[in-house]
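Quick note on labels: first sequence line is chain A, next is B, and so on, each numbered from 1. Values reported hereafter were calculated over all heavy atoms of this structure, with side chains retained and with hydrogens, waters and symmetry mates removed.
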2 protein chains.
Amino acid sequence: MPSEKPAKTAAPARTRTEKVHQALRSAIIEQRLAPGSRLPEDAIGESFGTSRTIAREALGRLAVEGLVDLKPNRGAFVANPSLEEGRGIFHVRRALERAMMLDLSGKIDPAIAGRLRAMVAREAAMASTNEPEAIRLAGEFHLTLAQLTGNPLLLRYVTETVSRCSMVLAMYGRPHSTDCGAREHAAIVESLIAGRIEEAAELMDRHVAEVAGRALLNTRVEQDIREVLASYAQAIQHA
Amino acid sequence: MPSEKPAKTAAPARTRTEKVHQALRSAIIEQRLAPGSRLPEDAIGESFGTSRTIAREALGRLAVEGLVDLKPNRGAFVANPSLEEGRGIFHVRRALERAMMLDLSGKIDPAIAGRLRAMVAREAAMASTNEPEAIRLAGEFHLTLAQLTGNPLLLRYVTETVSRCSMVLAMYGRPHSTDCGAREHAAIVESLIAGRIEEAAELMDRHVAEVAGRALLNTRVEQDIREVLASYAQAIQHA
DNA sequence: CATGCAGTGACTGCATACGATTTTTTCAGC
DNA sequence: GCTGAAAAAATCGTATGCAGTCACTGCATG
């Protein structure tokens, strides 16, 4: 049982289905639920004090979002993207965030500028003291920018890709590879505020590419049980 | 009752939920269901010979896709994007399809080249004789390219945006504004086959922008009842 | 010792039932 | 006839129950 409460997102979540939907999403993104693990409807219902109906519906929606795999007659599993899929997700995110920056042209007034600077400052402060919080803030930074475009679809896609990217990073990224984000975010914000949109877009593009590169290039994680067991099998043979 | 059968998509759709999900999606995209119309769970269940459970789950998933609006305790409605949202959707699509083209670098072998040329040829042939089919083929062209990238997320997003763009076009586009697509598609394919990826991306970018522009730029539809009634109110005052 | 097969258990797929909430209709009072 | 409140209808939100399907275990067989 997790000791700390899961982070709450924005919306109030009227119905239980939505509550469970969001809770599961957070749990998956925050890696409380390991990729590939089973998600039985019963267990979820019991955890949240609801019936299977709710759990079932939430799982269906998460499947649409790509956070869980739904296998017919077998049940739901936390998505377990391959390294290759991870690269693909980052690729899409990069394109989206570039478009997002271009869309922000003329939408940065002084009040917003202040808010963005404050966000980045908080992020920088957390970088050395509270890493999980820093990671969360880094993600929120991108989401805030997406929100500023006023484009609901863009917001949805950026939200989804950011979620899945953090999942991929947790799976394949090296630890401590995230703390460098604040400085880059700051540069992006300053370009944005100065109205140098093209430059900001370029910076963002490189930022996302670098985050992807840091994590995905050289790491390799065994996907298959057999790969994991191979080394043990060898050990046995040598013994 | 519709006389022709709805078009079937790729997947076999094992469960009834998935079947209803896909059927509703097709119905919405093909404009069989007008934007804004109610989607009562009972009615849907009855139409498909299932219980509300199925209908409800399908609606929830469609809501995640953005094709229906789910209002708490009120029910589901076919999405009714404003002109502004329509522009936003096209904006996202443009970014995605640009990324898609760049992703196709080195993935066009002779066999694929042939397939693409054939597709465009069929499209051109249909342009004057069978317009609905031409529109369908035009959409399929984009989907085929997305599939060729081998990036599942990109495919999903392109599929979604293409769907929603055709919806938006049907709502706000002028009639007969779609037939010019084949020539542009041909140019894109030739650049692609020749390996001039940057050029192909540029062409695609302009292509999507133009499709959007043709439809959305000069048309204006009153979104709000009040806007519609404003002129009448004025007339009364003048009388 | 490896392989095939039937029994068992767990879990999903779907339908139905009931309480809650919203919308519409009805009807009394002005 | 219009306004407003109360009753009625419609429809959603959720729980529960049953049947179907799949995976797994253990045993028999080559």
Side-chain angles (χ1 to χ4, degrees), chain A residues 11-25 27-28 33-80 224-226 228-229 233 236-237, chain B residues 11-25 27-28 33-80 225 236:
Chain A
R14 276 235 92 22
T15 79
R16 290 182 215 202
T17 296
E18 281 166 44
K19 278 185 204 160
V20 173
H21 181 187
Q22 286 190 212
L24 280 178
R25 177 163 44 202
I28 292 173
L33 297 168
S37 46
R38 286 209 66 193
L39 296 170
E41 298 173 359
D42 281 335
I44 294 170
E46 210 172 320
S47 307
F48 290 99
T50 72
S51 77
R52 278 177 47 224
T53 308
I54 306 297
R56 181 180 178 69
E57 218 179 295
L59 288 173
R61 299 189 190 185
L62 289 167
V64 174
E65 291 179 56
L67 287 177
V68 318
D69 285 341
L70 225 47
K71 308 198 174 162
N73 277 316
R74 299 246 316 118
F77 300 80
V78 177
N80 193 6
D224 199 328
I225 287 279
R226 276 164 298 205
V228 179
L229 296 183
I236 288 173
Q237 285 206 340
Chain B
R14 280 227 90 28
T15 80
R16 289 182 216 200
T17 296
E18 279 167 45
K19 277 185 204 160
V20 173
H21 182 189
Q22 289 194 9
L24 281 178
R25 178 163 45 199
I28 291 172
L33 296 168
S37 45
R38 288 208 65 194
L39 296 170
E41 297 173 359
D42 282 337
I44 293 170
E46 211 171 319
S47 307
F48 290 100
T50 73
S51 77
R52 276 177 47 220
T53 307
I54 307 298
R56 180 179 179 69
E57 216 178 298
L59 288 172
R61 299 190 190 185
L62 289 167
V64 174
E65 291 179 56
L67 286 177
V68 318
D69 285 341
L70 226 47
K71 306 195 176 166
N73 277 314
R74 299 242 318 117
F77 300 80
V78 178
N80 192 7
I225 289 280
I236 287 173

(Q) Determine whether B/K71 and B/F77 satisfy the following criterion, side-chain contact (heavy atoms from CB on, under 4.5 Å), listing intermediate values before the conclusion. (A) CA-CA 8 Å; B/K71 306 195 176 166; B/F77 300 80; 3.9 Å; yes
Q. Between B/T53 and A/T53, is any pair of side-chain heavy atoms under 4.5 Å apart?
A. no
Checklist entry - Any side-chain heavy atom of B/L62 sitting closer than 4.5 Å to one from B/E65? => result yes
- Message: Any heavy-atom pair between the side chains of A/E18 and A/R61 that's under 4.5 Å?
- Response: yes
Taken in chain and number order and not counting sequence neighbours, the residues that satisfy side chain to side chain donor-acceptor pair (under 3.5 Å) with A/R56 are A/E41, B/E57
Whether each nucleotide of nucleotides 10-16 of chain D has a protein heavy atom under 4.0 Å at its base (B), only at its sugar-phosphate (S) or at neither (-) is summarised, 5' to 3', as -SBBBBB
A/E46 CD to C/dA10 P, in whole Å, measures 14 Å
